Every structure is written in C-alpha cells, then in structure tokens.
Amino acid sequence: MTEEEAEEIGRNDRPLLVYVYNEEVDAKASFSIETSVAFYDDKVAVGARLFDAVRMDLEDAKRDRVLRDHLGRDNSLIFLRPDYKFAKAIHFKGTKVKPRAVFAAMCATMKLDYKNCVATTYKKMRVIQKARRKLAPDATKIAKIEDKIEREASEKRRARLTEQRDAMQAKLDAANAKLTAKEDALFALNAKADKSAKAEDCNES
C-alpha cells in the first residue's frame, strides 16, 4: 500500500480491517478468512459493515509503513484508525480466530474515533432484520395475487385483483423503504470531532 493509497483511505472516514495472510505457510491462506467461523458470526458480520476491508499478502504488508510493526508469523487481522494509525491486531493460524476477539477489537477500534457503538449497532440491526422477516408473508400474498391475475379470465375481476395487488405492493415498498433508511442511518459513522452527533449508549456484554 502506497502513501497515496493510505491517504485516500484516510479520507474515507472509515476504520480499516486488514486481513494479512501468509501464502508461504498456506497456499490457500488468501481465501481462508471466508471460511473462518468468526465471520459467520452475526455480531462480527454486522460490525464488519462499519469498516473498509483490505486483503494483503504478508510480504507486501512487511513493506507497509504501519502494518510491518504489527504482523504475526502466519495470518493477522489488523485494525487501523481512519488516519491510518494502528489500533488492534489479532494473530492466528489458518482460520482459528475467535468471533469474540474480532468483535472486541471492532468495538475498541470504533471507540477511538467514533460515537458509534458496534454492540448497539448489532442490537438495532437485529430489530430491523426482525421487521423485515415480518414483511415476508406480505410478499408471499402479493405473489399469490399475481398468480391469480394471470389465470383470471374475467377482465373485471382481473382489474380488481390488480388494484388490490398494487395497493399491497405500495404498502410493502413503503415499509421496506423505511427500514432501508433506518439501516443506512445505522451504518453512517459519527466522528467524535462532530459535536452535533450524539454518542450511542454502548453495552458490549
């Protein structure tokens, strides 16, 4: 990573999650993070959305001005602040990285520069996901009505069904749009330098 690339990342206003892998130890290491149980964890998956993710070979990382001082012998997850300063590092072999350790590192990194709380974000995201699941039956009902419209011979009944479908679809679209807006706001970062942004109450237990 060049100095110019590092500066560009800094302007993104997001912390970095850097996966450094050692291909000399494991030829498949560059993709091992995808099979790690840690990133199948719901909390980690939500927390990761607050970070920009970067993948880098160990030899390349050794030439990086910041990463080189925080590398493990095999694979590493290195958390960097938005100004490209070191925050946390987790070293591991293969895919043996614990979800709790990754989530804790995410929380600690975010606290350095942001009012956002990773744990609170996760809890609020669960509420949004639950609300989306509740909308699933409505989508099923709309699909059934569309099937009836295709099979209906009467133009009058078809028009009535179409009106019913359109009304249900409009209501469903509005509900989904509202949830999407809440989700977008949830992952908008509030820097500590922004005095107008309110800090979230954070309970990581």
Side-chain angles (χ1 to χ4, degrees), residues 1-3 5-26 29-126 186-194 197 199-205:
M1 187 175 292
T2 65
E3 293 287 333
E5 289 171 332
E7 289 176 2
E8 183 62 30
I9 288 170
R11 286 194 290 271
N12 283 341
D13 295 328
R14 284 192 178 269
L16 274 177
L17 171 55
V18 184
Y19 169 50
V20 180
Y21 56 89
N22 188 349
E23 284 192 333
E24 291 185 1
V25 174
D26 181 1
S30 59
F31 295 101
S32 65
I33 202 68
E34 275 88 348
T35 60
S36 169
V37 67
F39 284 86
Y40 282 93
D41 181 83
D42 288 345
K43 287 185 176 182
V44 172
V46 170
R49 292 180 61 180
L50 295 165
F51 291 76
D52 284 335
V54 176
R55 191 189 309 258
M56 187 179 294
D57 177 71
L58 180 61
E59 294 307 310
D60 291 332
K62 287 179 180 179
R63 294 190 289 271
D64 183 274
R65 62 185 177 88
V66 174
L67 298 178
R68 63 191 177 198
D69 296 325
H70 306 284
L71 299 169
R73 293 180 60 185
D74 295 314
N75 303 329
S76 304
L77 286 175
I78 300 178
F79 297 81
L80 301 176
R81 300 169 69 176
D83 57 1
Y84 209 68
K85 291 180 180 178
F86 173 77
K88 291 284 181 180
I90 301 172
H91 306 131
F92 57 99
K93 291 183 179 181
T95 62
K96 297 179 180 179
V97 55
K98 295 180 179 179
R100 182 176 294 182
V102 177
F103 189 72
M106 288 176 171
C107 290
T109 301
M110 288 296 297
K111 280 183 178 180
L112 295 172
D113 299 285
Y114 302 98
K115 297 179 181 181
N116 303 70
C117 172
V118 186
T120 300
T121 299
Y122 167 68
K123 291 174 184 176
K124 290 182 178 180
M125 190 60 197
R126 286 189 65 186
L186 194 57
F187 291 97
L189 296 185
N190 297 319
K192 286 187 174 180
D194 182 2
E200 295 179 354
D201 293 330
C202 195
N203 183 358
E204 296 168 18
S205 59

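It should be emphasised that the depicted structure is a prediction, and the values quoted were computed from it without experimental measurement.
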What is the distance from atom [atom1] of [X] to atom [atom2] of [Y], rounded to the nearest 0.5 Å?
{"X": "Arg63", "Y": "Leu58", "atom1": "CZ", "atom2": "CG", "result": "10.0 Å"}
{"X": "Leu112", "Y": "Lys85", "atom1": "CG", "atom2": "NZ", "result": "10.5 Å"}
{"X": "Tyr19", "Y": "Ser76", "atom1": "OH", "atom2": "OG", "result": "9.0 Å"}
{"X": "Ile90", "Y": "Ile78", "atom1": "CD1", "atom2": "CD1", "result": "10.5 Å"}
{"X": "Leu50", "Y": "Leu17", "atom1": "CG", "atom2": "CG", "result": "11.0 Å"}
{"X": "Phe92", "Y": "Lys98", "atom1": "CZ", "atom2": "NZ", "result": "13.5 Å"}

Crowded around Arg55 CZ? As in, over 12 foreign heavy atoms under 6.0 Å?
->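 It does: Arg55 CZ has more than 12 such atoms within range.
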
Is the shortest side-chain heavy-atom distance between [X] and [Y] below 4.5 Å?
{"X": "Phe79", "Y": "Val102", "result": "yes"}
{"X": "Lys123", "Y": "Arg126", "result": "no"}
{"X": "Leu67", "Y": "Tyr84", "result": "yes"}

Determine, stepwise, if the pair Ile33 / Asn75 fulfils side-chain contact (heavy atoms from CB on, under 4.5 Å).
-> CA-CA 9 Å; Ile33 202 68; Asn75 303 329; over 6 Å; no

For [X] against [Y], the heavy-atom pair lying closest together:
{"X": "Leu186", "Y": "Thr121", "result": "CD2-O, 3.6 Å"}
{"X": "Ala119", "Y": "Cys107", "result": "N-SG, 4.3 Å"}
{"X": "Asp74", "Y": "Lys93", "result": "OD2-CG, 2.9 Å"}
{"X": "Met125", "Y": "Val46", "result": "CG-CG2, 4.0 Å"}
{"X": "Arg68", "Y": "Leu71", "result": "CA-CD1, 3.8 Å"}
{"X": "Val97", "Y": "Ala38", "result": "O-CB, 3.4 Å"}

Any donor-acceptor pair under 3.5 Å from [X] side chain to [Y] backbone:
{"X": "Asn22", "Y": "Arg73", "value": "yes"}
{"X": "Asp52", "Y": "Leu16", "value": "no"}
{"X": "Asn190", "Y": "Asn116", "value": "no"}

Aromatic ring pairing Tyr122/Phe103, orientation class (parallel under 30°, perpendicular over 60°, tilted between) |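 It falls in the perpendicular class, over 60°.
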
